[in-house]
Amino acid sequence: MVKDLFESLLKARPIFKNKEVMRPAYIPDILPHRDTEIRHLAAILVAALRGETPSNVLIYGKTGTGKTAVVKYVGKELENKGVELGKPTRHIYLNCEIVDTQYRVLQNIANHFITEWSDRVPFTGWPTDEVYAKLKQMMDSEGGVTVITLDEIDKLKGDEVLYNLTRINSDLKRAKVSVLGISNDLKFTEFLDPRVKSSLGEENMIFPPYDADQLRDILNQRAKMAFREDVTDEGVIARCAALAAQEHGDARRALDLLRVAAEIAERDKAKEITEKHVKLAQNKIELDRVTEVTSSLPMQSKLVLFSIIVGEDLSRAAGQKMGLTTGEVFDIYKELCKKTGADVLTQRRIADLISELDMLGIITARVISKGRYGRTREIQMSAQPDKIREVLGNDELLSAIRDFRPRIQSRLGGSF
DNA sequence: CTTCCACAGGAAGGTCTGGCGG
DNA sequence: CCGCCAGACCTTCCTGTGGAAG
């Protein structure tokens, strides 16, 4: 009976007392092991409170090293202090993975200054310089200092925005702007316009990865807030910390592991989180990632991915252990298109789709040379082909060819 | 040593969609 | 409705290239 079902669930002591603090977006009041970075950033931005323009800053660091957390934290403190001192100071945070073009960046910033819905800059439609002009006008009528944070700045398409934003001060009469870029790619400035490069990198900060001990402190801090007492022990925390430390000291990863482990434990009605739960969590996270990425792939990419799976089965059957080449994948892809009635794209395009799949970490494709027999990519599934096959099978178009095996095998037969 | 394969991957341009003001 | 805009998605055409074979 349903009633009993819920009763038993209620009776089990939950692991969590506050789940919110384990979520990636949560920013705690204290950021362990980031004092130096916080102070450094504050020392740069304090100029805003004196009504001056702070230097532009570039922050580097791998994922999960606290860049975003530190910037948001300092940004908020800055705004608070600004209010206190009567110095209008504003911090605008944009993530360039979502807001990734010149137009959208300007549009987003402009809309921070606009309160009336009807005056907002539309998603699209205006010429870019008009948005830019509007932005300058809005900024000048408001005055004050604005710090614009561009997170994942390396995802931005083109450096025109950066050029414009770093130069905007000379067009402003009352307002002042400084730009704070966050990147996890150290070499990001390499391809920038030298003028942008120098003005953006007036100050540089590098966030080192956390080591296992520091991750442990972070996890302990959150665990204290998130869990009831006596549901974790040092062993579990240390395990999560160690696993994440292996992966370039990613705190987000560590927190994810611990959170998912706790969720599994709770569902298990376990009294406490054990290392077994951590292990399960590790698998679940990877599986979820693959499933999520695969199912949200566009149609053509799914076809390409399916081609790679089919190709791998085929070459395994032929007793070959090498990866597939771009040409082989393309051959299979063409056959699959015929079966499904999908449009056949060019090989050039397919090569790009293969690169995209590689970047998503769902396949590995590295460029190799086979000497006389050309230069190509060696393509392999990186994990979970069965799971991916299953996910792809859920797709309407692909379900028709779920168990497809090509009739003739052109190149895989034995030419190399 | 040179040749030459089977692509990699850059550049430029085309087509389509969705949203805008007028 | 139109003309215009940005952006996603593709194509066409292209030059460049690591290294086994000759």
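Each chain gets a letter, A, B and so on, in the order the sequences are listed, and its residues count up from 1. Computed over heavy atoms, backbone and side chain alike; hydrogens, waters and symmetry mates excluded.
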A/T68-A/D151 side chain donor-acceptor pair, cut-off 3.5 Å: yes

A/R104 CZ to B/dG19 C1', straight-line distance once rounded to whole Å: 12 Å

Sugar-phosphate, base or nothing in reach of A/V344, heavy atoms under 4.0 Å: sugar-phosphate

Minimum heavy-atom distance A/D140-A/A175, with the two atoms named: OD1-N, 3.1 Å

Distance, rounded to the nearest Å, where A/Y103 contributes OH and C/dG7 contributes P: 9 Å

A/D343 CG - B/dG14 P separation (whole Å): 21 Å

Spacing of A/I368 atom CD1 relative to B/dA6 atom C1', expressed in whole Å: 11 Å

Presence of salt bridge, A/R23 and A/E20, under 4.0 angstrom: yes

OP1 or OP2 of C/dG7 under 4.0 Å from side-chain N/O of A/T101: yes

Charged N-O contact under 4.0 Å between A/E263 and A/R259: yes

Rounded distance in Å - CZ (A/R366) to C1' (B/dG9): 18 Å

Nearest-angstrom distance from the residue atom CE of A/M359 to P of B/dA8: 14 Å

Salt bridge (Lys or Arg N to Asp or Glu O under 4.0 Å) contacts in which one or both residues fall within residues 41-52 of chain A, not counting sequence neighbours: none

Residue pairs fulfilling ring pair (Phe, Tyr, Trp, His ring centres under 6.0 Å) with at least one residue in residues 14-60 of chain A, sequence neighbours excluded: A/F16-A/F227

Rounded interatomic separation in angstrom, taking CG from A/N108 and P from C/dA6: 17 Å

Sequence-aligned protein contact record of nucleotides 14-22 of chain C, with B where the base is within under 4.0 Å of a protein heavy atom and S where only the sugar-phosphate is: --BBBBBS-

Check ion pair A/D313-A/R389 (N to O, under 4.0 angstrom): yes

A/D331 CG - B/dA6 P separation (whole Å): 12 Å

Pairing residues for A/E286 by the side chain to side chain donor-acceptor pair (under 3.5 Å) criterion, not counting sequence neighbours: A/R289

Given C/dA8, B/dA6, C/dT12, the nucleotide with the shortest approach to the side chain of A/T346: C/dT12

Those residues of residues 348-356 of chain A lying under 4.0 Å from DNA chain C by at least one heavy atom: A/R348, A/R349

Partner set under salt bridge (charged side-chain N to carboxylate O under 4.0 Å, His left out) for A/K176, not counting sequence neighbours: none

